[in-house]
Amino acid sequence: MTEVVNVDPVRPNHADIARASDCLRRGGLVAFPTETVYGLGVHAMDRAAVRRLFEAKKRPANDPLIVHVASFAEIAALVTAPPRSAALLADRFWPGALTLVLRRAPSVPDEVTASLDTVAVRVPAHPVAHALLAATALPIAAPSANLFSRPSPTLAAHVLEDLDGRIDMVVDGGPTAVGVESTVLDITVDPPVVLRPGAISIDMLRAIVPTVQYRAARAHTSDHASMPSPGLLSKHYAPRAPLTIYQGDAAAVGEALRQAARSAAAGGQRVGLLVAAEDSSLVGDMHDIDGPPVVSAILGSHGDAEATAARLYAALRELDGSHVDLILARDIVGDHGLWRAVADRLHRAAARVVVVSPRIG
Ligand code: AMP
Ligand code: MG
């Protein structure tokens, strides 16, 4: 049985946090909210417990975990010879949605790092995560609290959807604010490389370390062995129904989505549309089809990266919950800020991309 503990997200009850932290100290698996997504926490130095976490998530052993600590000072026990940029970046962005990859200390279990010679560390900002780390006084390895390759959880209900009965406890502190996982920055290399985009954008990082680069595009592959960051498979965060992204001129994409949805529905398929608020007219247009109803999940508005990030995974799970056969989405073009992270996750969730050419004349 998985116990659910409801806490106030701003001022979590001391006794509830103590129960969760006792469970962690004994090697239990405890899901809790962070400002990015829900994490599944485990005592990072307890190898057997870490192995149970991989089993619970059905996560491949070569996908390393992020170790969460209460403050920058606590990474000293986990890393060796951190570069000067570690302190500068931590000073600016911790607590917060930035994960730093550093050289590991020998004491960090291989199970946590997937036997790499580096370890990923972060100080989360969410009051519940912070209270839990402070009460536990241990480094807590915490990947996202979903089954491997499913959309990450932004609500306790998503955690239970995937992991009920497989973990000990869920601390329910309501919806997570950011909605996509932390930015992962490797500072063991020079120049430092962003391995995963997140809410802390490359421009924000460059204000502290001007040389920061994105990881080379060729690393964006499904070939596990050649990955700089083994968990960064191209297919990830996926809904059960295959997701197709339509890319191209805005009006042409609107028309292509309309036609694809209508013809799939007329052919008897349950269609899910994942669209921005501005596309709701498209959805209103589907009522006259002779076939199963077209279901929609609305993201934020086109201009609102924060709302779109916060909605993305919940929207994918809602469509799965409606038992759709396929999902059609308008592409999100992300070249800056949080849009980059949202576009990255949408593309990893996708089964295919259709490029729509604008109609001539
Ligand atoms: P999750 O906690 O589920 O968001 O996944 C953590 C991700 O962080 C992994 O899938 C990796 O992509 C990345 N990561 C963790 N540790 C390392 C590391 N030592 N080197 C590079 N990337 C890492
Ligand atoms: Mg994950």
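Values below: every heavy atom of this structure, side chains too, minus hydrogens, waters and symmetry copies. Counting begins at 1 with the first residue of the sequence. For clarity, every value in this text was computed on a predicted model and none was experimentally measured. For ligands, and for the atoms within them, numbers begin at 1 and follow the listed sequence.
For T118, heavy-atom contacts with ligand 1 shorter than 4.0 Å involve the backbone as well as the side chain. Under 4.0 Å from ligand 1, the heavy atoms of R196 that appear belong solely to its side chain. Neither the backbone nor the side chain of H68 comes within contact range of ligand 1; no heavy atom lies under 4.0 Å. With a 4.0 Å cut-off on non-hydrogen atoms, T113 does not touch ligand 1 at all.
Linking Ile, Leu, Val, Met, Phe, Trp and Tyr whenever their side-chain heavy atoms come within less than 4.5 Å puts V119 and F72 in one cluster. Cluster membership for L326 and I289, using ILVMFWY side-chain heavy atoms within less than 4.5 angstrom, is shared. Transitive grouping of hydrophobic side chains (ILVMFWY, heavy atoms separated by less than 4.5 Å) brings V7 and L24 into a common cluster.
If you check the side chains of T36 and S182, you find no donor sitting under 3.5 Å from an acceptor. No side-chain N or O of S144 forms a donor-acceptor pair with one of E181 less than 3.5 Å apart. Using modelled atom types, one finds no donor on one side chain facing an acceptor on the other under 3.5 Å when comparing Q269 with D325. No donor-acceptor contact under 3.5 angstrom links the side chains of S152 and R345, judged on distance only.
Listed by chain and number, the protein atoms of type N/O/S under 2.8 Å from the Mg ion (ligand 2) are S144 OG; waters are omitted.
Each of the atoms 6 (C), 9 (C), 14 (N), 15 (C), 16 (N), 17 (C), 23 (C) of ligand 1 lies under 4.0 Å from some heavy atom of P64. Interface atoms of ligand 1 facing L195, defined by a heavy-atom separation under 4.0 Å, are 21 (C), 22 (N). Less than 4.0 angstrom separates some heavy atom of L116 from each of these atoms of ligand 1: 18 (C), 19 (N), 20 (N). Interface atoms of ligand 1 facing I66, defined by a heavy-atom separation under 4.0 Å, are 2 (O), 6 (C), 8 (O). Each of the atoms 9 (C), 10 (O) of ligand 1 lies under 4.0 Å from some heavy atom of D63.
In terms of N/O distances under 3.5 Å, ligand 1 is not approached by E181. Between S144 and ligand 1, at least one pair of N/O atoms sits closer than 3.5 Å.
Heavy-atom distances between R59 and ligand 1 reach below 4.0 Å in at least one pair.
The two residues A31 and L40 come nearest to each other via the heavy atoms N-CD1, 3.8 Å.
By the ring pair (Phe, Tyr, Trp, His ring centres under 6.0 Å) test, Y313 is found to be paired with Y237, residues two or more places apart in sequence or in another chain being considered.
By the 30° and 60° cut-offs, the orientation of the rings of F32 relative to H68 is perpendicular.
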Going by atom type alone, with no hydrogens or angles, which donor-acceptor pairs under 3.5 Å involve a side-chain atom of residues 297-307 and a protein atom two or more places apart or on another chain?
{"residue": "S301", "atom": "OG", "partner": "G303", "partner atom": "N", "Å": "3.4"}
{"residue": "D304", "atom": "OD1", "partner": "E306", "partner atom": "N", "Å": "3.3"}
{"residue": "D304", "atom": "OD1", "partner": "A307", "partner atom": "N", "Å": "3.0"}

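Applying the ring-ring contact (aromatic ring centres under 6.0 Å, His included) test to residues at least two apart or on different chains, none of the pairs has a partner in residues 115-145.
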